[in-house]
Amino acid sequence: MKLQGQGKLICDMYSHIKAFEVKLKVKKHNFIHLPATQNLSAENPAVPFPAEKCVEALEMLKAQFGVRFRELHVNAKEIRLFQNPFVADIDEAQPSYQFELAELQNCDVLKDAFKPNSLIDFYAALPNDTYPNIKKHAMKMSTLFGSTYICEQTFSRMKLLKTPMRSRLTDEHLHHCLRLAVTRMEPDIQLLTSQMQAHSSH
């Protein structure tokens, strides 16, 4: 459930995945942290608890998680660099990031700005001329889908827009309608109207 919802970044997803994998490695036959097993024992206290079956199911789940999220583990260093560039190991970073990381990690003003702001706001405020490679990396990481929420939302909206009653809906028009439907940006009406030229006949 923690992987679902709007505005999830890839680093949030990775943190939840890692935490869940650690929970799956908890000592065998200890099911206190699994509410469903506690309910099963409470409902049927006379029936012996199927511990071996549960251990087998957890092992299968752990293996499936390893396969499904293998790519996240392969890119763990890249994700951690995006999540907190101030604790990234400069020697382990790619050469194109090393000088920029050295500069960034020794800038107290940016360290103070990092804590209260969201990651997106922090990277947007970084000077492009000083940190071009780190900003490029942040753009790449922030555009990776942390969840399928946006895709699902877009398809739901498209289903509402493409009805049999709208026979003149072109691909371009649909594209614009979908962008308006799923964006969180508010249009600056004042600016847009100030750029329009009024017809002299009116």
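The shown structure was predicted, so the numbers you read here are calculated from the model rather than taken from an experiment. Counting begins at 1 with the first residue of the sequence.
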For Glu59 and Lys62, run salt bridge (charged side-chain N to carboxylate O under 4.0 Å, His left out): C-alpha distance rounded to whole Å, both residues' side-chain angles, the deciding distance at 0.1 Å, then the answer. CA-CA 5 Å; Glu59 288 298 324; Lys62 200 171 8 173; 3.5 Å; yes

Please test His137 against Met141 for side chain to side chain contact (heavy atoms under 4.5 Å, CB included), starting from the C-alpha separation and ending with a verdict. CA-CA 6 Å; His137 174 70; Met141 287 287 136; 3.7 Å; yes

Determine, step by step, whether Phe114 and Leu119 satisfy the side chain to side chain contact (heavy atoms under 4.5 Å, CB included) criterion, reporting the C-alpha distance in whole Å, the side-chain angles of both residues, the deciding distance to 0.1 Å, and the verdict. CA-CA 8 Å; Phe114 179 74; Leu119 277 177; 3.7 Å; yes

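From Leu9, atom CG reaches atom OG of Ser142 across 7.0 Å, with rounding to the nearest 0.5 Å. Between the CD atom of Gln98 and the CD atom of Gln94 there is a distance of 9.5 Å, given to the nearest 0.5 Å. Here the straight-line distance linking atom CD of Gln64 with atom CZ of Phe69 works out to 10.5 Å at 0.5 Å rounding. Summarising the geometry, atom NE2 belonging to His175 is positioned 10.0 Å from atom CG belonging to Leu180; distances are rounded to the nearest 0.5 Å. A distance of 13.0 Å separates CD in Glu78 from SG in Cys11, rounded to the nearest 0.5 Å. Interatomic distance, OH of Tyr131 versus CG of Leu104, reported as 5.0 Å (0.5 Å rounding).
Residue Phe86 is grouped with residue Ile90 when hydrophobic side chains (ILVMFWY) are merged at heavy-atom distances under 4.5 angstrom, including chains of intermediate members. Residues Ile120 and Ile79 share a hydrophobic cluster, clusters being chains of Ile/Leu/Val/Met/Phe/Trp/Tyr side chains in contact below 4.5 Å. In the hydrophobic clustering of this structure, Leu61 groups with Leu72; members are Ile, Leu, Val, Met, Phe, Trp, Tyr whose side-chain heavy atoms approach within less than 4.5 Å, directly or through other members.
A donor atom on one side chain and an acceptor atom on the other are not found under 3.5 Å apart for Asp12 and Ser15.
Residue Phe65 places its CZ atom among more than 12 non-hydrogen atoms of other residues, nucleotides or ligands, all under 6.0 Å distant. More than 12 heavy atoms of other shown residues, nucleotides or ligands fall within 6.0 angstrom of atom NZ in Lys18. Counting heavy-atom neighbours within 6.0 Å of Asp171 CG, excluding the residue itself, gives a total of 12 or less.
A donor-acceptor contact shorter than 3.5 Å is absent between the side chain of Asn84 and the backbone of Arg80.
Here the closest non-hydrogen pair linking Leu101 and Pro85 is CD2-O, 3.5 Å. Leu161 approaches Cys177 most closely through the heavy-atom pair CD1-CB, 3.7 Å.
Sequence neighbours left out, the pairs with a member in residues 99-113 that pass side chain to side chain donor-acceptor pair (under 3.5 Å) are Glu100-Asn133.
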Identify all side-chain donor-acceptor contacts of residues 122-130 below 3.5 Å with residues at least two apart in sequence or on another chain.
residue	atom	partner	partner atom	Å
Tyr123	OH	Phe82	O	2.7

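Looking at residues two or more places apart in sequence or on another chain, you find a side chain to side chain contact (heavy atoms under 4.5 Å, CB included) between Met158 and Phe155, Lys162, Leu174, Leu178.
Within the 4.5 Å cutoff, the side chain of His73 has heavy atoms near those of the Tyr14 side chain.
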